[in-house]
Peer 1: 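Structure incoming, see below.
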Protein chains: 2
Amino acid sequence: MGRKPTMYDVAERAGVSIATVSFAFAQPGRVRPSTREAVLAAAAALGYVPNANARGLARGRTGAIGLYAFDYLLDLTEPADVLTPNDARLFPQYADEVQRGVELECRVRGLALMLGAGTPQTALPGDLGVPRVVDIAGRVDGLIAFAGAAPSDALTRIAGRIPVVELGGMSTAEGTRTVVVDNTTGMRGLVEHLLHVHRHREFRYIGDSRTAEFDARYAAYAATLAGAGVAALPPAHSAPGAEETTRAAVGDLLAADALPHVIVCSTDQEALVALDALRDNGVAVPGRVAVTGFDGIVAAGLSTPGLTTVQQPMQAVGRTAVRLLTGEITEQSAPLPTALVLRQSCGCA
Amino acid sequence: MGRKPTMYDVAERAGVSIATVSFAFAQPGRVRPSTREAVLAAAAALGYVPNANARGLARGRTGAIGLYAFDYLLDLTEPADVLTPNDARLFPQYADEVQRGVELECRVRGLALMLGAGTPQTALPGDLGVPRVVDIAGRVDGLIAFAGAAPSDALTRIAGRIPVVELGGMSTAEGTRTVVVDNTTGMRGLVEHLLHVHRHREFRYIGDSRTAEFDARYAAYAATLAGAGVAALPPAHSAPGAEETTRAAVGDLLAADALPHVIVCSTDQEALVALDALRDNGVAVPGRVAVTGFDGIVAAGLSTPGLTTVQQPMQAVGRTAVRLLTGEITEQSAPLPTALVLRQSCGCA
DNA sequence: CTGAAAGCGCTTACAG
DNA sequence: CTGAAAGCGCTTACAG
């Protein structure tokens with residue numbers, strides 16, 4: 001037998017047509033049991049492995065969905081003996097938790113998951129300007145992309161062919177859907193806690209506005225402060241995954257002698273870096289300044305002090321994205337809920 | 001324009017043949033620049049997304065590799081406020097770390113990664129006895145499978161078509177390769193430490209022998225004890241990921257009043273469960289009994305007491321597997337090294 | 001219940 | 001530098 005037997009080889013060995021082989025696998029009820037057994041026996045004898053590309057091409061769908069993540073290009077060495085919550089990626093971050101949700105949901109449904117990653121600028125040598133995301137998109141029935149991981153025009157283009165869910169998006173690419181999380185209520189609750197329980201009046205927000213989701217957080221922050229008659233200064237720029245930007249933001253506040261009483265960060269990832277930067281500069285948290293995060297990643301529970309944050313249902317975000325893609329749900333009945341998690345960094349016990 | 005424009009549509013709009021469209025993307029140097037621009041413009045205008053299935057079929061390869069994991073079917077809820085190292089899967093486990101290595105290596109190479117998971121028994125309804133692993137295998141150029149995740153006959157079959165790396169394997173499926181880790185040296189060093197530094201003589205091993213890798217650990221354990229004139233009782237059965245088996249193993253020792261001075265576990269995952277079980281029964285670790293693990297997962301550094309273990313280069317395992325698949329390396333120059341990590345659970349400071 | 005045949009959307013010698 | 005055409009390995013109406 002030649003290498004890589006095909007359906008033709010199986011058909012020949014079983015003494016049937018390729019149509020029958022195909023039916024024996026795909027629609028067993030349509031084939032006489034004895035025929036079916038003969039086909040399966042022939043397939044086993046030949047070591048037949050169906051070619052999923054051919055199947056996908058013929059069927060018009062692939063049975064797989066894609067997840068396109070932001071490529072932090074993080075190269076993690078093996079876990080150190082002494083762990084700190086800021087050893088980036090030692091503990092699962094937001095995107096990792098969402099990915100896990102996607103993975104689990106796919107497993108349950110028997111869907112294969114195709115993983116890819118890039119930045120909006122990423123283009124492979126052979127791609128000639130065509131971003132890698134289309135490479136993933138071309139082989140799946142639906143695509144989940146983290147906002148900012150793929151160029152929005154590429155997503156718009158892809159969305160014309162297959163369903164696309166852009167996480168954290170809402171605004172970027174046309175034709176895509178998103179998973180809605182109640183950022184607003186979460187942030188409002190957090191700020192109200194800082195205002196009314198800890199009686200803070202001097203706030204500063206650190207974060208970026210790369211995605212609609214981040215915008216929603218800042219908007220809720222500013223609105224809540226405004227409601228309490230507290231001025232909201234413009235946000236200090238910082239981006240999750242770019243530690244130096246967060247350190248610079250904190251450094252600027254210190255240098256300008258403009259340290260507020262609360263630093264509200266747009267993500268836990270940034271808040272943990274801020275915690276580090278403040279410690280490095282001998283600033284007591286929460287004594288001198290309170291710090292808060294957003295997301296509820298594992299590391300937030302391990303820092304010293306523990307990080308007060310808004311927990312969002314990260315795995316549920318991933319699962320919901322898959323369900324939107326499969327058509328199992330056509331829209332969310334309600335935004336996914338968030339919850340305030342109080343720890344020491346805001347001044348709580 | 002109809003839905004899902006194809007190369008034919010692009011060709012027509014650009015006024016060229018489909019061959020030229022194909023060349024414009026795949027072999028730019030072969031096409032006149034002006035032609036190429038026309039093609040790219042037409043593609044952009046139509047929102048053309050190449051069909052990877054068709055490409056894979058025509059080319060005979062897909063540009064993707066597959067990772068088939070053991071399906072623990074673990075459904076993790078959101079992180080709790082109070083974390084303990086035994087909140088299974090809150091922290092990355094062995095397989096998660098290996099997967100990360102695989103992911104990173106794939107990103108670097110521009111390879112897409114197809115994820116699937118199952119147990120040796122898993123077969124989808126539509127698969128009619130054909131395990132899902134072949135479904136993944138049919139759409140990739142190479143497959144990495146965790147030992148025990150897929151039936152070995154299926155792997156043997158697949159290995160006849162595409163390169164297969166079975167992690168933890170060595171013995172299971174014919175025609176597959178594996179990534180070799182120096183389990184022997186690691187375990188020997190651990191047992192020698194327990195023998196000579198802590199002067200222990202009463203040992204018990206907890207673990208299973210599902211894979212060659214686990215066998216190697218037990219063999220090294222038994223051999224090292226034998227070398228010191230210490231009797232090695234048969235291992236008590238326990239399996240990582242099946243917490244109840246580990247608890248039962250510990251429970252049996254307690255019930256039989258046969259608690260040794262050291263419990264050597266085949267994995268960290270089991271050792272952490274053992275730690276829990278012992279604590280639940282009021283047994284002091286390391287006071288009454290020392291406990292050790294193997295792997296060096298993150299959670300091992302977070303338990304109380306900290307878990308003494310043998311660190312293996314999990315991410316490197318994943319990366320090596322990818323390199324073996326791509327043909328970048330044809331064989332390992334040496335087994336991947338392991339390192340003894342001493343913490344409190346063995347009695348060290 | 002089974003088969004002949006078209007078609008899925010690409011790539012790639014082979015000509016020109 | 002460009003095109004006509006075969007072929008990759010399946011699925012699926014359509015006949016029988």
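We name chains A, B, ... by the order of the sequence lines, and we start the count at 1 in each one. Model, not experiment: these values are computed from the prediction. What you see below is based on every heavy atom in this structure, not just the backbone, and it leaves out hydrogens, waters and symmetry mates.
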Peer 1: In whole Å, what separates the P atom of C/dC10 from that of C/dC14?
Peer 2: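 To the nearest whole Å, 24 Å.
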Peer 1: Taking any heavy-atom pair under 4.0 Å as a contact, classify B/Gly138: base, sugar-phosphate, or nothing.
Peer 2: nothing
Peer 1: Using the P atom as the point on both nucleotides, what is the distance between D/dG9 and D/dA13, in whole Å?
Peer 2: 23 Å
Peer 1: Pick the closest DNA chain D nucleotide for B/Arg30 and for B/Arg59 by heavy atoms, then say which residue is nearer the 5' end.
Peer 2: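 With B/Arg30 and B/Arg59 compared, the 5'-side residue is B/Arg30.
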Peer 1: Is there a Watson-Crick or G-U wobble partner for C/dT2 with both distances under 3.5 Å, and which nucleotide is it?
Peer 2: D/dA15
Peer 1: Identify each donor-acceptor pair in which a side-chain atom of residues 38-49 of chain A lies under 3.5 Å from a protein atom, sequence neighbours left out, and give them as a table.
Peer 2:
none

Peer 1: Does B/Ser17 or A/Met7 map to a spot on DNA chain D nearer the 5' end, using the closest nucleotide for each?
Peer 2: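 Of the two residues, B/Ser17 wins.
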Peer 1: Give the intermediate values and the outcome of side chain to side chain contact (heavy atoms under 4.5 Å, CB included) for residues A/Val98 and A/Phe146.
Peer 2: CA-CA 10 Å; A/Val98 173; A/Phe146 284 100; 3.8 Å; yes
Peer 1: Quick one: do A/Thr156 and A/Thr176 satisfy side chain to side chain contact (heavy atoms under 4.5 Å, CB included)? Show the steps, please.
Peer 2: CA-CA 7 Å; A/Thr156 301; A/Thr176 69; 5.8 Å; no
Peer 1: Does CD belonging to A/Glu12 count more than 12 external heavy atoms closer than 6.0 Å?
Peer 2: no
Peer 1: With heavy atoms of chain B within less than 4.0 Å as the criterion, where does contact along DNA chain C begin and end?
Peer 2: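 Result: C/dG9 to C/dC14.
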Peer 1: Would you say the side chain of A/Gln27 lies within less than 4.5 Å of the side chain of A/Ser22, judging by non-hydrogen atoms?
Peer 2: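 Contact flag for A/Ser22/A/Gln27 side chains = no.
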Peer 1: Can you check the distance between D/dT2 and D/dA6, where both ends of the measurement are the P atom (answer in whole Å)?
Peer 2: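 Result for the P pair: 23 Å, nearest Å.
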Peer 1: Please say which of A/Ile136, A/Leu67, A/Thr62 ends up in a side-chain contact (heavy atoms from CB on, under 4.5 Å) with A/Met114.
Peer 2: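 That would be A/Ile136; it is the only one of A/Ile136, A/Leu67, A/Thr62 passing the side-chain contact (heavy atoms from CB on, under 4.5 Å) with A/Met114.
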Peer 1: Take A/Ala19 and B/Val21, find for each the nucleotide of DNA chain C with the closest heavy atom, and name the residue whose nucleotide sits nearer the 5' end.
Peer 2: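 This one resolves to A/Ala19.
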